[in-house]
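Reviewing the structure listed below.
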Amino acid sequence: MNLLRFHSRIRISTQLLRPRPSFVPLPRRHYSSRTMESLKLYNSLKPGAPVPFVPIESGKVSWYACGPTVYDKSHLGHARNYVSTDIIRRIFMHYFGFNVNFVMNITDIDDKIIIKARRQRLLELEKQKAYSAEELRDLALSAFRAYAKSSLPLLLQEGEDLDITNYNARREAGYGRVLAGGTISGEGKPGDDEAKVKMHLSNMNSAVAAITSGQIFPGTDEILLPYLDSLYKETIDTRDQTMFTDLTQSMEALFMEDMDALNVLRPDVITRVTEYVPQIAKFVERIVDKGFAYEAEGSVYFDIEAFEKAGNTYARLRPDVRNDKSLQEEGEGSLSKNLGGKKNAGDFALWKQSKAGEPFWPSKWGNGRPGWHIECSVMASDILGAQMDIHSGGIDLAFPHHDNELAQSEAYFCEHEKGEHTWVNYFLHMGHLSISGSKMSKSLKNFQTIQDALGTTYTARSMRIVFLLGRWNDGVEISPDMRTQGDNWEATISNFFTNTKSLLVEADITPGIQSLSISSDKTTEGLLGELAQAKQEFEAALVNSFDTPRAMAVILKLVNTANIHLKDNKEPDLVALEAIARWITKIVGIFGLDANAKPPYNGLGWATAIAPDVEPQTAVRPYAEVFDKVKLDVAALNLENATISGLVEQNPALEFEAVAAAGSRDPEQLALPFLRVVAKIRDELRQIVGQQAPDTKKAILALTDRIRDQDFTNLGVYLDDRSDNQPSLIKFIPAAELIAAREEKAAALAEKARKKEEARLAREKVEQEAREKAKVPPQELFKNDERYSAWDEQGLPTKMKDGSDVPKSQLKTLKKQWDRQKKAHDDLKAKGLL
């Protein structure tokens, strides 16, 4: 990952000021100062309505974003955070024209990392030991009981050990309500606590199955990890830190791959904690020297009371939860619960004394490691200095992480005679992603990895659209309705791009360049007026703290208006349609919805390009082969038609060569010369088919159908046949979609034929049964009915089986049946079928 190491190690000076790293910003739109000044942001430091955004330096934005703690694969919750951050960053850069310096950290020293790496090493060592089957079972049962004691106390009962034989009953008795979708207390809605219970029960279920089968590994791994750690953690030699770095480097690589797959822009600067430990120790020393921190038992703690007595504010972001013990403990880390010497419960660790089994670095207080919060303060300040425009992260980091970052950074930089120091001007918190009411998180294991999501249920575009449809600072609950809304938005925009490009192609206008005049002094009536209005509404949405749901609605409304225009006009306004399509192309590019597009996004529709190692001649070969094949097929028809002959004699390769020579690598533009000629040949064949002899007519229809349904479909080209002898439209649609639609249509036709055949056979069966029944003379119809004992000369029953008369009501029904049988019998006789 050397390419990620954009910054060099520079020791922090007393002032921690550093020149802005030089980088070349991407092309951006230059807006008037009035537009920039109208931008407002939701700022967690100032709760309430959005506030005006005033950068430290006009036209520039310094931004630090909390990056991942790299101990596991990234999930959809991370995607929510980093994609939403990327959207805002792109809008800053490519819509408003700001020059953004974006810094992100990688947390590669953390309690969670230490625990996971150490436990993995201990489990690997345990699996290498020579255990008998009985010894392994005893080990697994010990871990099983220890896991229940620490994580699922309701499974325990006095006087009787928990065992695999009584586990199911105790699980239902203790946690049945949670498993049924309820809460532990029986009140309210399930949340993180219930998610944890389900995670722990899932681990226990796997262990029970493994112990029962005798295959201890890997089914018991999750319960063995904490048990082995409790037994052997102090035996691990952490002088060799590769067990930790192997984990963090592999997880960082996976994270960056995930971000690339999601089309998230790489940071301008990436920092890692392991590269900053000496600077962190120096940073902590200065805070101690200023009287805002103290050493105790080898650790250093931030002194909140001293900080506030000096006139500073603690817990700027979440003052309402500053005394929440569970949040404080979570912020300190699970390995730091028993560190002693704090003056006050809320004081937090800047430097932690390393215990046995933990990595360590030298400091004036002895061997130790950085606290979690201090890492970001040091790295952000090293790159961006004593003050930055924006700091961002997930909403779950607001307290204690971000509040503690603010406090320790302001303590470092503050000068008593100047009052409080402002380290961050705007704090942006991304709303978290939830599933079934609980936050998606690694620790709860209720997550779908980004890799899995992109391989199964999402594309990078569809995921980003879902996030765009929600406010960046609001929580997002995954739901089928949300997915449907996103899919419909994407389909509507894609269809509009396809239809607009096909109309421009049909008019012999190349959509790869801005070929129609769209000057600013044109009339603002009609569609161009709708576009002007949409631009105003869109900008109003973005300046209102990046209101992307409103912006997305504006785009959709404009496309729907354009679609109505297309439906109602045989000669649509191509100038306006192209202008609308180009503007929307620019916006979806700015939003990061088109991974193939590059600023300034001046194309039309979703960008396409052949691979760098593919020559244009190679890319168009399949299209040229279709043209050659159609030429031969048309020649075999022996038609006498000057128009068709002229089309067949054309050489589309000449036009292709001109397009390629101009530098185009757009596969659509390269293929169009061949596709246009074939489409025109097909249109002409359809025009003359009615004048041909039956055999020729059949051959022409088969050829035109094959071109549309096979030749073009397999290349990802849809021919839209229009009425009133209008030329068919060439539409580029992914081949997989077209082939799937073709197969679905074929399956539907096959199913229709099957049902038709079944109906025919059923009719024939009914008719055959009716004929067989009609062969019976009416006089014999009731003779074999055991309910009756006597009949008249016509065969109608007169006596019941017990000798009583047949009831009159029944006689009436029997007579109707007799009449129907007589008619059917006589009809059969008249047809000579008896």
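Quantities reported herein were computed from a predicted structural model and do not represent experimental measurements. Counting begins at 1 with the first residue of the sequence.
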Taking every non-hydrogen atom, the tightest pair across [X] and [Y]:
X      : Y      : answer
Val659 : Gln669 : CG1-O, 4.0 Å
Ala581 : Thr500 : CB-CG2, 3.9 Å
Pro727 : Glu506 : CG-OE2, 3.5 Å
Trp472 : Arg80  : O-NH2, 3.0 Å
Val614 : Ile610 : O-CD1, 3.4 Å
Asp721 : Ser728 : OD1-CB, 3.5 Å

Donor-acceptor pair, side chain of [X] and main chain of [Y], under 3.5 angstrom:
X      : Y      : result
Ser664 : Ala660 : no
Asn263 : Gly592 : yes
Ser502 : Asn499 : yes
Asp86  : Tyr82  : no
Lys586 : Pro600 : yes
Arg461 : Leu593 : yes
Asp487 : Ser462 : no
Asn596 : Ala607 : yes
Arg682 : Leu719 : no
Asp573 : Ala576 : yes

Test log, rule side chain to side chain contact (heavy atoms under 4.5 Å, CB included), inputs Arg706 and Val630: CA-CA 10 Å; Arg706 192 204 74 202; Val630 170; 4.1 Å; yes
Derivation of the side chain to side chain contact (heavy atoms under 4.5 Å, CB included) call for Ile91 and Ile590: CA-CA 6 Å; Ile91 295 171; Ile590 290 171; 4.3 Å; yes
Is any side-chain heavy atom of [X] closer than 4.5 Å to a side-chain heavy atom of [Y]?
X      : Y      : answer
Leu254 : Ser74  : no
Phe467 : Thr548 : no
Phe53  : Ile390 : yes
Val264 : Arg464 : yes
Arg582 : Leu531 : no
Phe98  : Leu39  : yes
Phe496 : Ile580 : yes
His565 : Pro572 : yes

Spacing of [X] atom [atom1] and [Y] atom [atom2] [to the nearest 0.5 Å]:
X      : Y      : atom1 : atom2 : value
Leu527 : Glu578 : CG    : CD    : 13.0 Å
Thr498 : Asp720 : OG1   : CG    : 10.5 Å
Asn488 : Leu556 : CG    : CG    : 9.0 Å
Phe591 : Ile88  : CZ    : CD1   : 11.0 Å
Met259 : Met104 : CE    : CE    : 8.0 Å
Ile688 : Leu639 : CD1   : CG    : 5.0 Å

Only distances under 3.5 Å count here; give the side-chain donor-acceptor pairs of residues 738-745 to other protein atoms, sequence neighbours excluded, each with its distance to 0.1 Å.
residue : atom : partner : partner atom : Å
Arg742  : NH1  : Asp709  : O            : 2.7
Arg742  : NH1  : Gln710  : OE1          : 3.3
Arg742  : NH1  : Asn714  : OD1          : 2.9
Arg742  : NH2  : Asn714  : OD1          : 3.2

Derivation and outcome, side chain to side chain contact (heavy atoms under 4.5 Å, CB included), residues Met552 and Ile465: CA-CA 9 Å; Met552 296 285 276; Ile465 287 171; 4.0 Å; yes
Six-ring centre of Tyr458, Arg483 cation under 6.0 angstrom, axis tolerance 45°: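 Judged by the rule, Arg483 and Tyr458 form a cation-pi pair.
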Ion pair check, Arg550 and Glu537, cut-off under 4.0 Å: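 Between Glu537 and Arg550 there is a salt bridge, with a charged N closer than 4.0 Å to a carboxylate O.
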Atom CD of Gln692: over 12 foreign heavy atoms under 6.0 Å: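 For Gln692, atom CD is crowded (more than 12 foreign heavy atoms under 6.0 Å).
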Steps toward salt bridge (charged side-chain N to carboxylate O under 4.0 Å, His left out) verdict (Lys570, Asp724): CA-CA 10 Å; Lys570 286 187 176 181; Asp724 300 330; 3.0 Å; yes
If you measure only the distance, is there a donor-acceptor pair under 3.5 Å linking the side chains of [X] and [Y]?
X      : Y      : answer
Asn101 : Ser62  : no
Trp63  : Ser392 : yes
Thr704 : Arg708 : no

Aromatic ring pairing His75/His78, orientation class (parallel under 30°, perpendicular over 60°, tilted between):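 If you compare the ring of His75 with that of His78, the planes turn out tilted.
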Partners passing side chain to side chain contact (heavy atoms under 4.5 Å, CB included) against Pro673 (at least two apart in sequence or in another chain):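 Here the qualifying residues are Pro652, Glu655, Phe656.
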Centroid-centroid distance, Tyr95 to Phe538, less than 6.0 Å: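 Between Phe538 and Tyr95, which both carry aromatic rings, the centre distance is below 6.0 Å.
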Pairs involving residues 705-737, ordered by first then second residue, that meet ring pair (Phe, Tyr, Trp, His ring centres under 6.0 Å) (sequence neighbours left out):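 Every pair satisfying ring pair (Phe, Tyr, Trp, His ring centres under 6.0 Å) with a residue in residues 705-737: there are none.
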Stepwise side chain to side chain contact (heavy atoms under 4.5 Å, CB included) test for Met482 and Leu469: CA-CA 8 Å; Met482 181 180 66; Leu469 291 173; 5.9 Å; no
